[in-house]
2 protein chains.
Amino acid sequence: MNSRNMNLIHIIRRFNRFYTNILGLLDKHIYESEFSLAEVRVLYDIEHMEVCTAKKLIEELKIDPGYLSRIIKRFENDSLIYRVQSPEDGRLYYLFLTDKGKNTLSKLNDLSNDQIYNLISRLPERDKMSVVESMKTVENAFSGKPIKIKEKITIRSELRPGDVGYLIHLHGRFYAEECKYNYMFEGYVCKTIFDMFNNYNVEKDRFWFAEANGEIIGSIAIIGHSATRAQLRWFILHPSFRGIGLGNTLLNEAVKYCQEKGYEQVFLETTDDQKIAIKMYMNVGFKKVAEHENKEWGRKLIEQTYELSLPLGNMVSN
Amino acid sequence: MNSRNMNLIHIIRRFNRFYTNILGLLDKHIYESEFSLAEVRVLYDIEHMEVCTAKKLIEELKIDPGYLSRIIKRFENDSLIYRVQSPEDGRLYYLFLTDKGKNTLSKLNDLSNDQIYNLISRLPERDKMSVVESMKTVENAFSGKPIKIKEKITIRSELRPGDVGYLIHLHGRFYAEECKYNYMFEGYVCKTIFDMFNNYNVEKDRFWFAEANGEIIGSIAIIGHSATRAQLRWFILHPSFRGIGLGNTLLNEAVKYCQEKGYEQVFLETTDDQKIAIKMYMNVGFKKVAEHENKEWGRKLIEQTYELSLPLGNMVSN
DNA sequence: AAAAATAGTTGACAAAGTCAAATAAATTAG
DNA sequence: CTAATTTATTTGACTTTGTCAACTATTTTT
């Protein structure tokens, strides 16, 4: 352990002492409630785990099984939670919050939020940003992975100022990082967006943005070209949020919209190296109808056009 | 409490849960020692306070007087500490570590250091630095010390993929928020970027990006139109980072570059509502040379052209 | 000199957490 | 198919940790 490391260690230890106090301060309201810290964490985890059993809580919270057992018993007596014995495995009991339990937790959450609000509200806006970014940095570094939690992702289809810029940013950044496209690609995306705006109409065109923590992490759009023909465009996902079904969710939203709007033909343009996206397109029924070479973006690529025919009257059948 | 704040609160709460676990992990070695966490903190504080009494420890550690009294008694029995009654005030007892106590604490410290070393040793050097910087940021913010924000901002003039997208994002977002421009403005910025890329040349064109926490929070660019004439474009600052001289820094960089490149005339286009920016432009010597009306972006605006003449041979005089 | 305040101590207690043994259901080995 | 083993949870007995109020000793205030 060299002296540089010792320096880091000292700073980290000081931070730990400091943050222990902050956490203590924030948890004080819990001491004033009828619940212990462990109990609140149990309530919280029951709410946030999809399937919750005592076993899982023991692992997650590193709590003593006997201790937990009694907490659960007390919660059940107070009808904050109820238990359902698993039909497949009689040893397991699934835990659920009752309405009363949800209510109680929600009040505790509100208190907790207030405490944190008090802590940060007096900070100038840019310091808030710095603090939050710093926390993300620490968390990412120590957990070894970018944070991704699917439940925190929201999808909205309203187009807001700044959205298309961010969309271009994502395209420029990740096509360069992953496919080695050059800067001309980002310029090309700018042009497609500009052209779109010249004909933009909320009645025929639609964007969807997936957001996590208030930041756009994915997008897709449908642009109408005629009453029956539309184009699917700008389908992209931040790499940290792939593989969790989010791409399919966006794609399905887009196709559903086409059906509802009565578009009979949807086409899209992509390049042959977008293997995963192409698989997803084909899964929902897109077929390749044309291809040609493109060298504009620093690599030799095959640009491909895919088309999806939507059966007329599909809406009626639903 | 608005939704932006709620987002911050969620991130902070997640960080708190996460860091509670980290702290728990780090404290585990203490559980394996013969001391409780409170006891270790008492030992630590006796060592680190110049003059230590029970009273001070009670205030510092927010520990129960009775509880502390017993801890001190035990420590004295184990001859980890010794007490000296104050000659001025017989109610006070000054607390000191014995050699044995110092030794014990030092071993505990070593354990603690090792734990932290394990935590950070597997991180790449860059991450270690950013973790430590982030911790300092959080600590400063919460302890009321203002964050020296300008120290955390870096300016780079290299154009990277994703940059112009983010630049468009900033324009779309903040011109809408602050000047009520409509979405067409963002489309217009896309077009200006696209046009620029069609003639982009690193020898004549240059971008500067101000970054805080790895995120772009400001930009400016110089685009050459001929050997002697250039345009200043895309000057924008995230509102949270205004008023700290950053705008002038960027503007000066841009003008300096023009001088170095031998541009004799620099012009820029803006709108009459950009009062603060215009003042900055005029401060460095820009003069209004033309104006005309523009209604494209949802408001009646006066578009203005400013021009700066750079004296020939200015470089020589330096 | 009496009353009030302060620093620390003590006893009685409650809350939080631990450990090992017990129970009940599932899985595996023979 | 039964016995042995494993797994999820529970229970009893216990320790540790932390709290509260009453107490002593000393100093400060009135």
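Just so you know, these numbers use all the heavy atoms, side chains as well, and skip hydrogens, waters and symmetry mates. All figures in this text were calculated on a predicted structure; none of them were measured in a lab. Numbered from 1 within each chain, the chains take letters A, B, ... in sequence-line order.
- For A/Asn77, the CG atom is densely surrounded, since the number of other residues' heavy atoms within 6.0 Å is greater than 12.
- Atom P of nucleotide D/dT10 and atom CG of A/Asn77 are separated by 12 Å, given to the nearest angstrom.
- One atom, CD1 of A/Ile71, and another, P of C/dT18, lie 11 Å apart when rounded to the nearest Å.
- Interface remark: the B/Arg70 side chain does not form any donor-acceptor pair with the D/dG18 base, using a distance-only criterion of under 3.5 Å.
- In this pair, B/His238 and B/Phe241 present their aromatic rings perpendicular. The plane angle is above 60°, beyond the 30 to 60° band.
- The residue among B/Gly66 and A/Phe35 whose nearest nucleotide of DNA chain C is located toward the 5' end is B/Gly66.
- Taking all atoms of both residues into account, the shortest heavy-atom contact from A/Val138 to B/Ser134 is CG2-CB, 3.7 Å.
- Of the candidate nucleotides D/dA8, C/dG17, D/dT10, D/dA8 has the atom lying nearest to any side-chain atom of A/Leu92.
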Exercise for review: Check the pair A/Asp89, A/Ser86 against side-chain contact (heavy atoms from CB on, under 4.5 Å), reporting the backbone distance first and the verdict last.
Suggested key: CA-CA 5 Å; A/Asp89 185 338; A/Ser86 166; 4.1 Å; yes
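- Between B/Lys73 and the phosphate of C/dG8, there is no side-chain N or O to OP1/OP2 separation shorter than 4.0 Å.
- Close to D/dT17, at under 4.0 Å from its OP1 or OP2, lies no side-chain N or O of B/Arg41.
- Straight-line distance from the CD atom of A/Glu88 to the P atom of C/dT27: 10 Å, rounded to whole Å.
- Judged by closest nucleotide on DNA chain C, B/Asp89 is the one of A/Arg74 and B/Asp89 placed further toward the 5' end.
- Residues from residues 47-63 of chain B placing a heavy atom under 4.0 Å of any atom in DNA chain D do not occur.
- Ring pair A/Phe75/A/Phe35 is perpendicular by interplanar angle, where above 60° counts as perpendicular and below 30° as parallel.
- Here the side chain of B/Gln85 is nearest to one of C/dT10, D/dT9, D/dT26, namely D/dT26.
- Rounded to an integer number of Å, the gap from A/Asp27 CG to D/dG18 P is 14 Å.
- Surrounding CD1 of A/Ile276 are at most 12 heavy atoms belonging to other residues, nucleotides or ligands under 6.0 Å away.
- Taking atom CD of B/Glu39 as the reference point, atom C1' of D/dT15 lies 13 Å away to the nearest angstrom.
- The side chain of B/Arg91 lies closest to D/dA25 when the candidates are C/dA26, D/dA25, C/dT18.
- One interatomic measurement links the two molecules: CZ of A/Arg83 to P of D/dT9, which rounds to 9 Å at whole-angstrom precision.
- Inspection of the B/Asn16 and A/Tyr19 side chains reveals an N or O donor paired with an N or O acceptor under 3.5 Å.
- One can place OH of B/Tyr67 at 17 Å from C1' of C/dA12, the figure rounded to the nearest angstrom.
- Here C/dA20 presents its P atom at 11 Å from CG of A/Asp64, a figure rounded to the nearest Å.
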